Colleague: 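Would you mind keeping the following structure in view while I ask a few things?
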Amino acid sequence: MIITPEGRWPPVYDAEDLARTIRELVRAEDMEARFWSLRSLDDDACQGDVIRLEAPLPHLDEEGAAVATENDFQYWLVIGNTCDFARALDDVRWTQVVPLVDLGEDVDEGALANLRSYQAAKKFYLPPWPRGASHHTADLLRPATLDKRALEKAARVVARLDYPAWVLLHSCLVRFLCRDDGRYD
């Protein structure tokens, strides 16, 4: 095992390689045009799907009590594994989602350029998807557990990532989950 001189665990990925992968995906001329898949939204749910489900975010507050946010989120990004949707409920009943924060129609161009660079490690930028949505960010700091049956009863898939965007999501999730403590040194 390698311990850095500062006594911290090193990241489990090569930081330069991951940064290069993100840069190459983001700088592709047609990245936003290829962000959203044109495949049917009627198929089983997948990792990277945007679902519409108006619900507050459950969390533990500063007292350790289970509470929910006062406001509902309208859209969520599925970050749970696609293969979990193919498994029986007795084997895998849950998936993970993160809320999408609506940035509205009048987003500052500087802020938008920063989000589109994917330099923020705690947010994942989503450009407007087909059928009239605005810019959003997925808040990776606030995952929620979702019963898979909600996708049949209360939620519906409204957008699906295309392959380049799915790779970008994975790159950002790896960076978020595996960064070392000295990233801002």
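Every value quoted in this text rests on a predicted model; they were computed, and no experiment measured them.
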Colleague: Can you tell me which residue pairs pass the side chain to side chain donor-acceptor pair (under 3.5 Å) test with a partner in residues 82-100, sequence neighbours excluded?
Modeller: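 Every side chain to side chain donor-acceptor pair (under 3.5 Å) pair that includes a residue of residues 82-100, provided the two are not neighbours, is Asp84-Arg87, Arg93-Asp147.
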
Colleague: What residues, two or more places apart in sequence or in another chain, satisfy ring-ring contact (aromatic ring centres under 6.0 Å, His included) together with Tyr125?
Modeller: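 Counting only residues at least two positions away or on another chain, Tyr125 forms a ring-ring contact (aromatic ring centres under 6.0 Å, His included) with His135.
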
Colleague: Keeping to residues at least two apart or across chains, list the salt bridge (charged side-chain N to carboxylate O under 4.0 Å, His left out) pairs with something in residues 108-118.
Modeller: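 Qualifying pairs: Glu32-Arg116.
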
Colleague: CG of Leu38: more than 12 outside heavy atoms within 6.0 angstrom?
Modeller: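 Atom CG in Leu38 is not crowded, with 12 or fewer foreign heavy atoms closer than 6.0 Å.
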
Colleague: So, the side chain of Thr69 versus the backbone of Leu57: is there a donor-acceptor pair under 3.5 Å, distance only?
Modeller: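 Yes, because the side chain of Thr69 sits within donor-acceptor range (under 3.5 Å) of the backbone of Leu57.
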
Colleague: Identify all side-chain donor-acceptor contacts of residues 161-168 below 3.5 Å with residues at least two apart in sequence or on another chain.
Modeller:
| unit_1 | atom_1 | unit_2 | atom_2 | d |
| --- | --- | --- | --- | --- |
| Trp166 | NE1 | Gln47 | OE1 | 3.1 |
| Trp166 | NE1 | His170 | NE2 | 3.4 |

Colleague: Kindly indicate whether the side chain of Lys123, heavy atoms from C-beta on, has any atom under 4.5 Å from the side chain of Asp139.
Modeller: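 Answer no - side chains too far apart.
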
Colleague: Just jot down the ring-ring contact (aromatic ring centres under 6.0 Å, His included) partners of Tyr75, sequence neighbours excluded, or say none.
Modeller: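 ring-ring contact (aromatic ring centres under 6.0 Å, His included) list for Tyr75, sorted by chain: Trp129, His136.
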
Colleague: What's the spacing between Leu126 CG and Leu169 CG if we round to 0.5 Å?
Modeller: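 That separation rounds to 8.0 Å.
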
Colleague: Testing the basics here: between Trp36 and Pro128, what is the closest heavy-atom pair and its distance to 0.1 Å?
Modeller: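 Where Trp36 meets Pro128 most closely, the heavy atoms are NE1-O, 3.2 Å.
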
Colleague: Report the distance from atom CD of Gln119 to atom SG of Cys172, rounding to the nearest 0.5 Å.
Modeller: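 Reported to 0.5 Å precision, the distance equals 11.0 Å.
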
Colleague: Quick one: does any side-chain atom of Lys148 pair with a main-chain N or O of Val92 as donor and acceptor, under 3.5 Å?
Modeller: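 It does hold such a pair.
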
Colleague: Compare all side-chain heavy atoms of Phe124 with those of Val98 and state whether any distance is below 4.5 angstrom.
Modeller: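 With C-beta onward as the side chain, the pair stays apart.
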
Colleague: If you compare all heavy atoms of Leu77 against all heavy atoms of Leu100, which two are closest, and at what distance to 0.1 Å?
Modeller: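 Here Leu77 and Leu100 meet closest at CB-CD2, 3.8 Å.
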
Colleague: Under the salt bridge (charged side-chain N to carboxylate O under 4.0 Å, His left out) rule, what pairs show up with a residue in residues 52-61, not counting sequence neighbours?
Modeller: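 Salt bridge (charged side-chain N to carboxylate O under 4.0 Å, His left out) check on residues 52-61 returns Arg52-Glu54.
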
Colleague: Can you tell me how far the CG atom of Leu151 sits from the CG atom of Asp49, to the nearest 0.5 Å?
Modeller: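 So the CG of Leu151 and the CG of Asp49 are separated by 8.5 Å.
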
Colleague: State, with a plain yes or no, whether a side-chain heavy atom of Val101 is found less than 4.5 Å away from one of Arg142.
Modeller: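 Counting from C-beta outward, Val101 and Arg142 do come under 4.5 Å.
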
Colleague: About how many Å separate CG of Leu140 and CG of Leu173, when rounded to the nearest 0.5 Å?
Modeller: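 Output value for this atom pair is 6.0 Å.
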
